[in-house]
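Only one structure is covered here, and it is reproduced in the block below.
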Amino acid sequence: MPLSQFTASEVANITNSVLDFNMKGQPTLQSIQTKGLLKSLVGRKKSFPAGKDLLTWAVKGSYSAVTQGFNGDDEVAYQNPANVKRASVAYYQLHTGITCTHDELKRDGISVTDESGAGRTKVTRDDVSVLVNLWKDKVEDLRESRDRALQLMFWRDGTQDAKEIPGLLSFLLDDPTAVGSTFGIDRVANTWWRNIAALLVDSSTASNQNLVNSLQTNYRQLRRYGGNPRKFFAGSTYLEALEKELRSKGNYTLEGWNKTGAVDFGMADVQFKGIMVEYEPTLDDISRAKYGYWLDLDHIMLRPMENEWEHGFTPERPPEKYVLYQALTDTGAITADQLNCHLVSSIL
């Protein structure tokens with residue numbers, strides 16, 4: 001195929017990958033962000049077997065039996081408890097895929113040796129002509145693009161696309177008292193089925209310690225019903241407010257400015273109750289730089305379908321085209337079996 005028949009982006013990719021005797025090696029990646037939520041959820045995921053439509057699980061927050069005093073032959077009452085509710089969520093299917101022509105690979109000094117389309121390649125004249133392994137770069141692009149999409153998806157509320165997995169903002173709400181349901185259970189009728197929210201804390205005067213005091217107060221509530229929040233993600237503005245409040249009551253150095261040697265005016269990473277407050281860049285990306293999320297990940301779970309998470313596919317090429325395809329699919333959902341152990345916090 002003549003070079004002129006490639007798209008502009010394909011030509012640019014080939015040009016940037018095969019230049020005569022420039023510095024070799026894979027490209028230095030410039031825009032990889034920390035993906036704290038993705039790492040946390042994937043690291044604790046639990047699979048479920050194939051199902052028809054929904055994942056369901058039992059929760060309970062109300063009790064019916066009544067204890068009453070009596071004397072002699074006083075009549076007493078009996079109750080028949082029926083307080084178990086079933087939460088439910090649909091599972092979703094996701095696809096990420098890439099393609100590459102044999103012609104592109106040949107221009108990079110790579111010959112395709114597997115005509116089934118499985119993507120196995122043999123590099124020719126590697127020491128002379130291959131500056132960037134084009135196929136390796138495309139596979140890296142596939143995986144990083146997928147991870148970026150999942151990280152963003154896991155924070156969003158699902159309204160951006162009805163076919164994507166609803167993330168944390170679909171059940172950890174700014175106003176948990178609002179009319180509506182979470183995982184199919186009414187929040188108004190079941191006050192125990194709500195996260196905790198402390199919004200618009202005034203942190204403008206750091207010495208007032210309003211944010212620190214708010215976190216201290218809500219920490220007790222997070223543990224009130226057995227919660228044990230151990231993960232704290234924050235946007236950049238929220239984290240800066242915490243740092244300012246801590247600095248307003250502390251010193252750069254215990255030895256004073258006359259300390260021998262260099263004075264380190266940097267600040268250690270912020271912790272609360274021994275829990276690291278982690279910067280989560282995605283919160284900045286979704287206009288939540290002023291938010292912090294204190295989570296008990298024992299009660300939030302990524303639930304992939306068994307053998308259907310990061311499922312790799314290498315579709316055979318159509319006989320009329322010399323093209324390679326590679327894809328990853330993911331099938332699953334995010335569930336939560338307790339909500340009153342998570343805090344949504346924000347500042348003005």
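Just so we're clear, the structure is a prediction, and the values are computed from it rather than from any experiment.
At least one donor-acceptor pair under 3.5 Å links the side chain of Asn195 to the backbone N or O of Leu173. In this structure, Glu280 contributes its side chain and Leu37 its backbone to a donor-acceptor pair below 3.5 Å. Checked by atom type and distance alone, the side chain of Arg194 pairs as donor or acceptor with a backbone atom of Arg187 at under 3.5 Å. Checked by atom type and distance alone, the side chain of Glu308 never pairs as donor or acceptor with a backbone atom of Thr329 at under 3.5 Å. Side-chain atoms of Thr101 never come within 3.5 Å of backbone atoms of Val323 as a donor-acceptor pair (strictly under, hydrogens ignored). Using a distance-only test at 3.5 Å, with no hydrogens or angles considered, no donor-acceptor pair links the side chain of Gln221 to the main chain of Tyr219. Remark: side-chain polar atoms of Glu245 are paired, donor with acceptor, to backbone N or O of Leu211 under 3.5 angstrom. Not a single donor-acceptor pair under 3.5 Å links the side chain of Asn208 to the backbone N or O of Asn210. Between the side chain of Asp141 and the main chain of Asp137, no donor-acceptor pair closer than 3.5 Å is present.
Judged by distance alone, the side chains of Asp269 and Gln271 never bring a donor and an acceptor atom under 3.5 Å apart. Defined by atom type and a distance below 3.5 Å, a donor-acceptor pair is missing between the side-chain atoms of Ser64 and Gln79. Judged purely by distance below 3.5 Å, without hydrogens or angles, the side chains of Ser248 and Gln209 pair a donor atom with an acceptor atom.
Looking at heavy atoms from C-beta onward, Thr237 lies out of side-chain contact with Asp284 at the 4.5 angstrom threshold. Residues Lys273 and Gln216 are in side-chain contact: their nearest non-hydrogen atoms beyond the backbone lie under 4.5 Å apart. The shortest side-chain heavy-atom distance between Arg156 and Leu169 does not fall under the 4.5 Å cut-off. Residues Val59 and Asn190 are not in side-chain contact: their nearest non-hydrogen atoms beyond the backbone lie 4.5 Å or more apart. Put simply, the side chain of Tyr91 reaches to within 4.5 Å of the side chain of Thr331, judged on heavy atoms. Using a 4.5 Å cut-off on side-chain heavy atoms (C-beta onward), Val344 and Tyr293 make contact. The closest side-chain heavy-atom distance from Leu324 to Lys138 is not below 4.5 Å. Side chains of Pro166 and Tyr92 form a contact here, defined as non-hydrogen atoms less than 4.5 Å apart.
For Glu320, the CD atom counts as densely surrounded, since its 6.0 Å shell holds more than 12 non-hydrogen atoms of other residues, nucleotides or ligands. Atom OH of Tyr225 has 12 or fewer neighbouring heavy atoms from other residues, nucleotides or ligands inside a 6.0 Å radius. Surrounding NZ of Lys39 are at most 12 heavy atoms belonging to other residues, nucleotides or ligands under 6.0 Å away. Within a 6.0 Å radius of NZ in Lys244, other residues, nucleotides and ligands contribute 12 heavy atoms or fewer.
The hydrophobic clustering, which links ILVMFWY residues whose side-chain heavy atoms are closer than 4.5 Å, places Leu297 and Leu343 apart. Put simply, Val277 and Phe233 are part of two different groups of oily side chains (I, L, V, M, F, W, Y) that touch within less than 4.5 Å, one to the next. Under the 4.5 Å side-chain heavy-atom criterion for grouping Ile, Leu, Val, Met, Phe, Trp and Tyr, Leu328 is not connected to Leu41 through any hydrophobic cluster. Put simply, Ile286 and Ile347 are part of two different groups of oily side chains (I, L, V, M, F, W, Y) that touch within less than 4.5 Å, one to the next. By the rule that hydrophobic residues join a cluster once side-chain heavy atoms approach within less than 4.5 Å of another member, Leu339 and Ile196 end up as members of separate clusters.
The line from CD of Gln151 to OG1 of Thr282 is 3.5 Å long, rounded to the nearest 0.5 Å. Separation of atoms OG (Ser62) and CH2 (Trp192) is listed at 6.0 Å; rounding is to 0.5 Å. Interatomic distance, CG of Asn218 versus CG of Asn213, reported as 11.0 Å (0.5 Å rounding). Taken to the nearest 0.5 Å, the CG atom of Leu38 stands 11.0 Å off from the CG atom of Leu152. The CD1 atom of Ile185 lies 5.0 Å from the CH2 atom of Trp193; values are rounded to the nearest 0.5 Å. Rounded to the nearest 0.5 angstrom, Ser345 OG and Trp294 CH2 are separated by 9.5 Å.
For Phe183, the ring-ring contact (aromatic ring centres under 6.0 Å, His included) test picks out Trp57, Phe171, with sequence neighbours left out. Applying the side-chain hydrogen bond (donor to acceptor under 3.5 Å, both in side chains) criterion to Ser88, with sequence neighbours excluded, gives no partner residue. Applying the side chain to side chain contact (heavy atoms under 4.5 Å, CB included) rule to Phe70 yields the partners Asp74, Val76; only residues at least two apart in sequence or on another chain are considered.
Taking all atoms of both residues into account, the shortest heavy-atom contact from Pro318 to Tyr325 is CD-CE1, 3.6 Å. The nearest pair of heavy atoms linking Leu55 to Ala333 is CD1-CB, 4.0 Å. The heavy-atom pair separating Pro281 from Gln33 by the smallest distance is CB-NE2, 3.4 Å. Looking at every heavy atom in both residues, Tyr291 comes nearest to Leu283 through O-CD1, 4.0 Å. Here the shortest heavy-atom pairing between Arg86 and Thr56 reads NH2-OG1, 3.1 Å. Closest approach of Met276 and Val270 over heavy atoms only: SD-O, 3.6 Å.
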Inset, instruction - Take Glu144 and Arg148, measure what salt bridge (Lys or Arg N to Asp or Glu O under 4.0 Å) needs, and give me the verdict at the end. - result: CA-CA 6 Å; Glu144 174 60 19; Arg148 290 185 183 198; 2.8 Å; yes
Inset, instruction - Applying side chain to side chain contact (heavy atoms under 4.5 Å, CB included), run through Phe154 and Leu302 and close with a yes or a no. - result: CA-CA 9 Å; Phe154 287 176; Leu302 173 62; 3.9 Å; yes
Inset, instruction - Could you please spell out the steps behind the side chain to side chain contact (heavy atoms under 4.5 Å, CB included) verdict for Leu295 and Leu168? - result: CA-CA 10 Å; Leu295 310 175; Leu168 263 62; 3.7 Å; yes
Inset, instruction - Apply the test side chain to side chain contact (heavy atoms under 4.5 Å, CB included) to residues Asp330 and Glu310: give CA-CA distance (whole Å), side-chain angles for both, the deciding distance (0.1 Å), then the verdict. - result: CA-CA 5 Å; Asp330 300 284; Glu310 200 172 352; 4.1 Å; yes
Legend entry - Criterion side chain to side chain contact (heavy atoms under 4.5 Å, CB included) on Glu306 and Phe48, from CA distance to verdict: CA-CA 5 Å; Glu306 192 171 334; Phe48 68 92; over 6 Å; no
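Each salt bridge (Lys or Arg N to Asp or Glu O under 4.0 Å) pair with one or both residues in residues 217-237, not counting sequence neighbours, appears once here: Lys231-Glu278. Screening residues 286-302 for salt bridge (Lys or Arg N to Asp or Glu O under 4.0 Å), with sequence neighbours left out, gives Arg44-Asp298, Asp174-Arg288.
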Would you be so kind as to tabulate the donor-acceptor pairs closer than 3.5 Å made by side chains of residues 197-207, with sequence neighbours excluded?
{"unit_1": "Asp202", "atom_1": "OD1", "unit_2": "Ser204", "atom_2": "N", "d": "3.0"}
{"unit_1": "Asp202", "atom_1": "OD1", "unit_2": "Ser204", "atom_2": "OG", "d": "2.6"}

